[in-house]
Amino acid sequence: MNVRILSIILTSTLAFSGVGVAAVSDPVPEGSMSFAMSGAYPPFNFVDIFGELQGFDVDISLEIANRLALEAEFVTTAFDTIVGGLQAKRYDTILGSLAITPEREEQVNFSDPYYTSGAQLVVRADSDINSPEDLSDARIAVVVGTTFEKEALKLPGVVDVVLYEGEEQTLQDLQIGRVDGVITDRLIGLYMIEEMGFDLKLAGDPLYEEVIAVALHKDSTELLASVNEALADMRDDGTYQEISEKWFGQDISY
Amino acid sequence: MQLLEFAKTYTPLFIPATWITLQLTVLSILLGCGLGLLTAFAKLSDKKLLNRVADVYITVIRGTPLIVQLSFIYFALPGIGINLSAFTSAVVGLGIHNGAYIAEIIRGGIQSIDTGQMEAARSVGMDYGRAMRRIILPQAFRQIVPPLGNQFIISLKDSSLAGLITVNEIYMTSRRLGASTYQQMEFYLMAGVFYLLMVTVFSLIVNRLEKRLQTSSRQVSEVL
Amino acid sequence: MENYSTEKQMVRVSKLHKWFGDLHVLRGISVDIAPSEVVVFIGASGSGKSTLLRCLNFLEDAQQGEISFKGRQIDPKQDNLNRIRQRIGMVFQRFNLFPHMSVLQNIMEGPVQVMGQSRDEAKSEALDLLEKVGLQDKTDEYPDMLSGGQQQRVAIARALAMKPEVMLFDEPTSALDPELVGEVLEVMKDLAVEGMTMAVVTHEMGFAREVADRVVYIDEGEIIEMGSPDQVFDHPKQGRTQEFLSRIL
């Protein structure tokens with residue numbers, strides 16, 4: 001009985017906080033702004049051997065904070081609850097390779113995109129699977145809570161989707177044969193194969209295109225405008241391209 | 001009400017996961033009892049080597065987190081050629097983990113039996129093994145059941161960590177469903193309810209067993 | 001110190017030394033027990049008399065010295081101590097009955113499990129023994145239903161079921177209420193009369209006087225005096241013996 005009442009109270013509170021009260025905006029933060037990411041998504045955001053958070057997302061975050069004359073604070077949190085945390089205003093933004101989806105757009109506001117990628121099937125280098133159509137009776141590994149899980153389930157040749165905590169686990173288990181394929185971000189796939197020496201290859205074209213942007217609470221309309229301005233500026237003056245080259249050897253912008 | 005609808009819709013999705021959780025728990029407890037029994041006797045033995053091995057096992061397993069042990073078995077062992085499935089890794093890991101605690105439970109139970117019992121058994125000419133089977137263990141059984149029942153319940157809750165090595169048990173199921181529907185709170189609550197129900201049922205069974213054993217350690221010796 | 005030098009002593013203890021850690025508990029004990037002899041050991045607590053008894057059925061290991069049984073020296077490392085213990089019965093101060101078995105089962109346990117006797121044979125002999133100790137109406141009771149004296153009598157029956165050649169009694173009545181002591185001593189007296197070889201550690205001087213063939217006074221791990229009950233109780237030769245007796249009598 002009590003649990004029911006508690007649930008009702010909690011769900012209604014959440015519902016209320018979602019009601020668009022668009023006219024009022026939260027003020028832009030002072031002193032510092034926080035960026036949330038999983039920290040488990042190299043090369044976009046990851047923790048290096050010295051315990052430092054690194055990656056493309058991190059560099060973009062630092063650049064944005066710089067342009068807004070604020071200190072950048074970083075928060076790492078599990079990917080599948082990262083949106084919930086933003087709604088609870090535990091941090092100012094999510095800059096952690098969060099893809100724009102209609103469901104997410106109901107919960108948060110997105111900035112202009114800062115890169116595009118796509119869901120990509122990755123298989124072992126010696127596999128005779130060359131595109132998602134070649135899959136049959138396949139076990140596919142994905143990271144829990146990502147959009148890739150839904151895509152994997154849509155494929156006809158997929159018989160089981162196995163959920164992992166992070167990309168390094170999915171690709172490693174692919175390598176040793178526990179799964180037949182991994183669906184992950186195309187750029188991740190490339191990065192892993194080339195940088196980490198996995199004996200894997202990309203199979204076929206991306207399943208769909210993903211547009212990645214910065215997520216902000218619906219109340220943070222002022223901050224959103226500032227972030228968009230910063231993104232546009234860094235493209236215009238070439239800073240964005242520098243960061244992109246650094247991590248991917250190419251310009252990955254939209 | 002909304003929550004009742006929710007429960008109706010999603011409960012069926014939890015049934016396979018509940019079955020997995022039950023299997024993990026039961027199998028790992030069985031494995032744990034086997035390992036625990038061997039280890040308890042190793043520790044009670046007067047062979048120093050056996051004592052040492054038992055001590056190392058117990059110290060290492062009780063001194064490291066279960067999630068580290070499970071991750072090691074599933075993610076690290078393939079590096080040296082031992083490639084177990086997620087379910088097997090979970091059973092092995094949970095079993096080894098349980099074994100260390102059960103060893104101490106059994107040893108404690110045996111040592112709680114008055115030394116005079118062993119002396120009397122030896123005095124009529126029984127060897128150590130027979131004295132254990134006929135005299136000590138039947139009496140120790142009664143001391144062992146309550147903490148063993150408790151370990152069963154702990155094992156049930158520990159099985160949730162198998163989700164982090166890709167086993168489709170209750171916790172992982174609630175995570176996956178919560179993430180894809182953005183209703184994390186409802187699904188975590190649901191998972192909680194499932195575990196609570198299972199723990200309650202197990203506790204009742206264990207209590208019944210304890211009551212029956214109040215009067216019948218006498219029958220145990222006939223089994224052994 | 002006199003030692004009976006008859007051949008084929010039932011038990012012969014020679015220069016026994018035992019340490020518990022640094023504590024030198026038995027300091028060169030030598031004593032013989034002849035067949036059908038009843039030897040009573042007396043002494044203060046901590047004198048080592050119980051330890052000596054427990055060495056006789058190898059519940060304790062003596063570091064030095066020899067123990068022989070019917071002329072044959074026992075080597076604890078080589079010999080099968082389990083078989084040897086079948087021939088030596090032991091009765092404990094705290095009875096140590098098996099609480100999860102009935103009185104009858106307690107007595108049958110040794111013969112069936114260790115000697116491989118058939119259950120029927122063991123049962124019939126157990127019933128005889130229960131009658132002998134006066135508890136034939138308690139066959140299916142469990143130990144926690146019996147008084148201390150009854151439990152100890154069952155313990156004696158249990159030891160006798162193995163048909164031992166020697167019976168050891170370690171303070172058999174010390175844990176009993178005074179009014180229950182008599183029934184146990186009666187059973188022990190009967191055993192002595194029937195010719196059982198017995199080694200008894202006790203404070204019951206009346207029993208010693210009546211039943212013992214020999215009384216041995218032990219103090220601080222050494223035999224101070226040994227002789228017939230009359231000799232030791234009425235005409236002790238050693239001062240220490242006298243002191244001890246004056247304290248307890």
Side-chain angles (χ1 to χ4, degrees), chain A residues 1-15 18 38 78-88 101-108 139-153 160-166 168-179, chain B residues 1-7 13 16-17 20 67-68 70-90 161-194 196-197:
Chain A
M1 238 328 160
N2 285 331
V3 175
R4 257 178 71 181
I5 295 176
L6 185 64
S7 304
I8 292 170
I9 293 175
L10 283 173
T11 17
S12 5
T13 317
L14 275 177
S38 72
F79 190 75
D80 58 332
T81 51
I82 204 169
V83 172
L86 182 65
Q87 291 181 303
T101 71
E103 294 96 5
R104 286 178 184 154
E105 277 181 309
E106 283 177 33
Q107 321 261 333
V108 297
R139 278 165 56 91
I140 299 291
V142 296
V143 171
V144 62
T146 59
T147 51
F148 308 134
E149 191 195 340
K150 290 214 179 79
E151 291 304 313
L153 289 166
D160 192 17
V161 177
V162 189
L163 301 175
Y164 290 77
E165 299 296 301
E168 75 289 353
Q169 293 175 342
T170 54
L171 294 169
Q172 187 179 299
D173 265 15
L174 171 64
Q175 187 76 82
I176 64 179
R178 282 180 169 149
V179 291
Chain B
M1 295 231 73
Q2 193 188 18
L3 274 160
L4 228 52
E5 279 306 308
F6 180 89
L13 291 178
I20 300 263
I67 188 55
V68 169
L70 289 176
S71 302
F72 185 81
I73 294 174
Y74 186 64
F75 289 117
L77 283 186
I80 57 167
I82 303 176
N83 191 343
L84 303 171
S85 76
F87 186 81
T88 308
S89 301
L161 289 176
L164 297 176
I165 57 167
T166 81
V167 177
N168 274 324
E169 47 67 63
I170 293 175
Y171 167 64
M172 177 47 88
T173 302
S174 69
R175 265 189 82 180
R176 143 201 279 176
L177 290 171
S180 65
T181 64
Y182 291 101
Q183 292 180 289
Q184 276 110 1
M185 187 192 62
E186 287 86 334
F187 280 105
Y188 283 143
L189 274 175
M190 201 159 171
V193 166
F194 266 86
L196 200 54
L197 278 171

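Letters A, B, ... are given to chains in the order of the sequence lines, protein chains preceding strands, and every chain is numbered from 1.
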Completion exercise
Under a 4.5 Å heavy-atom criterion, the part of residues 166-175 of chain B in contact with chain A comprises B:T166, B:M172, B:R175

Practice task
Please name all residues satisfying side chain to side chain donor-acceptor pair (under 3.5 Å) with B:R176, sequence neighbours left out, ordered by chain then number.
Solution key: A:E149

Handout entry: CZ on B:F75 to CD on A:Q169, rounded to 0.5 Å
Key = 3.5 Å

Fill in the blank from the handout: Sorted by chain and residue number, the side-chain contact (heavy atoms from CB on, under 4.5 Å) partners of A:T147 (sequence neighbours excluded) come out as A:T101, A:R104, A:Y208, A:E210

Practice task
With sequence neighbours excluded, tell me which residues meet side chain to side chain donor-acceptor pair (under 3.5 Å) with A:Q107.
Solution key: A:Q87

Problem - Validation row: A:R178, B:Y74 side chains within 4.5 angstrom (heavy atoms) - result: yes

Practice task
Look up atom OH in A:Y164 and atom CG in B:L164, then write down how far apart they are to the nearest 0.5 Å.
Solution key: 12.5 Å

